[in-house]
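Heavy atoms only: backbone and side chains are in, while hydrogens, waters and symmetry mates are out. The residues of the chain are indexed from 1 along the displayed sequence. The shown structure was predicted, so the numbers you read here are calculated from the model rather than taken from an experiment.
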Amino acid sequence: MWVEEWTGDGGVASGGAWEGLPTVLTVACEGVGSVAVTMESQQARVAEFTVDCSASSTGVGSVTMDAGVVKSGSFTVGIDASHESIRWALTVTQPE
């Protein structure tokens with residue numbers, strides 16, 4: 001899954017996870033402040049972290065979850081931006 005660019009609060013939902021592979025969630029942001037990132041799989045929180053953003057460079061945060069942490073089926077990622085002007089992007093991958 002890939003969200004190229006969004007501004008302010010937001011998030012995504014997908015129905016395409018497979019628990020047999022690890023899952024990597026990466027978030028990048030620009031602007032003054034931070035974004036709080038949460039990921040839920042089958043209604044259980046599986047990841048939570050904060051990325052510090054900057055107006056002069058890109059802030060990046062990532063978490064790698066072992067196979068089985070994200071369950072097969074749907075998952076959601078939520079982004080809570082500390083300011084409406086913060087721009088962010090995210091990817092969720094399951095490398096083989």
Side-chain angles (χ1 to χ4, degrees):
M1 171 178 293
W2 173 42
V3 175
E4 183 175 3
E5 183 177 328
W6 195 263
T7 303
D9 296 340
V12 295
S14 174
W18 184 51
E19 64 186 86
L21 293 173
T23 303
V24 181
L25 168 59
T26 303
V27 176
C29 61
E30 291 181 339
V32 178
S34 62
V35 293
V37 183
T38 57
M39 182 175 188
E40 293 190 357
S41 171
Q42 302 299 320
Q43 300 179 339
R45 184 157 295 176
V46 294
E48 184 172 15
F49 60 96
T50 300
V51 182
D52 293 324
C53 312
S54 170
S56 60
S57 64
T58 303
V60 178
S62 185
V63 62
T64 300
M65 293 158 275
D66 292 335
V69 172
V70 175
K71 303 301 181 194
S72 293
S74 63
F75 66 87
T76 60
V77 179
I79 304 289
D80 183 9
S82 64
H83 194 274
E84 291 180 8
S85 65
I86 292 178
R87 297 182 315 139
W88 56 267
L90 72 80
T91 61
V92 178
T93 58
Q94 291 194 296
E96 294 186 41

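A donor-acceptor pair shorter than 3.5 Å cannot be found between the side chains of T38 and E48. T76 and E40 share no donor-acceptor pair across their side chains, judged by distance under 3.5 Å alone. The closest side-chain donor-acceptor pair between T93 and T91, if any, does not fall under 3.5 angstrom.
Listed for the W88 side chain is a donor-acceptor partner under 3.5 Å among the backbone atoms of G8. Although no hydrogens or angles enter the test, the distance criterion places a donor-acceptor pair under 3.5 Å between the side chain of S62 and the main chain of L25. In this structure a side-chain-to-backbone donor-acceptor pair under 3.5 Å is missing from W18 to L21. Within the 3.5 Å criterion, the main-chain N or O of S34 finds no donor-acceptor partner in the side chain of D52. The closest donor-acceptor contact from the side chain of T26 to the backbone of L90 lies at 3.5 Å or more, if one exists at all.
Annotation for G33 and S82: closest pair CA-OG, 3.3 Å, computed over non-hydrogen atoms.
Between atom OG of residue S74 and atom CD of residue Q42 there is a gap of 4.5 Å, rounded to the nearest 0.5 Å. The OG1 atom of T58 sits 8.0 Å away from atom CZ of R87, with the distance rounded to the nearest 0.5 Å. For the atom pair C29 SG and I86 CD1, the distance stands at 6.5 Å (nearest 0.5 Å).
Judged as a disulfide (SG to SG under 2.5 Å), not a single pair has a partner in residues 65-96 (not counting sequence neighbours).
Remark: V46 pairs with M39, S41, M65, V69, V70 by the side-chain contact (heavy atoms from CB on, under 4.5 Å) rule, at least two apart or across chains.
F49 is connected to M1 through a chain of hydrophobic side-chain contacts under 4.5 Å among Ile, Leu, Val, Met, Phe, Trp and Tyr, so both are in one cluster.
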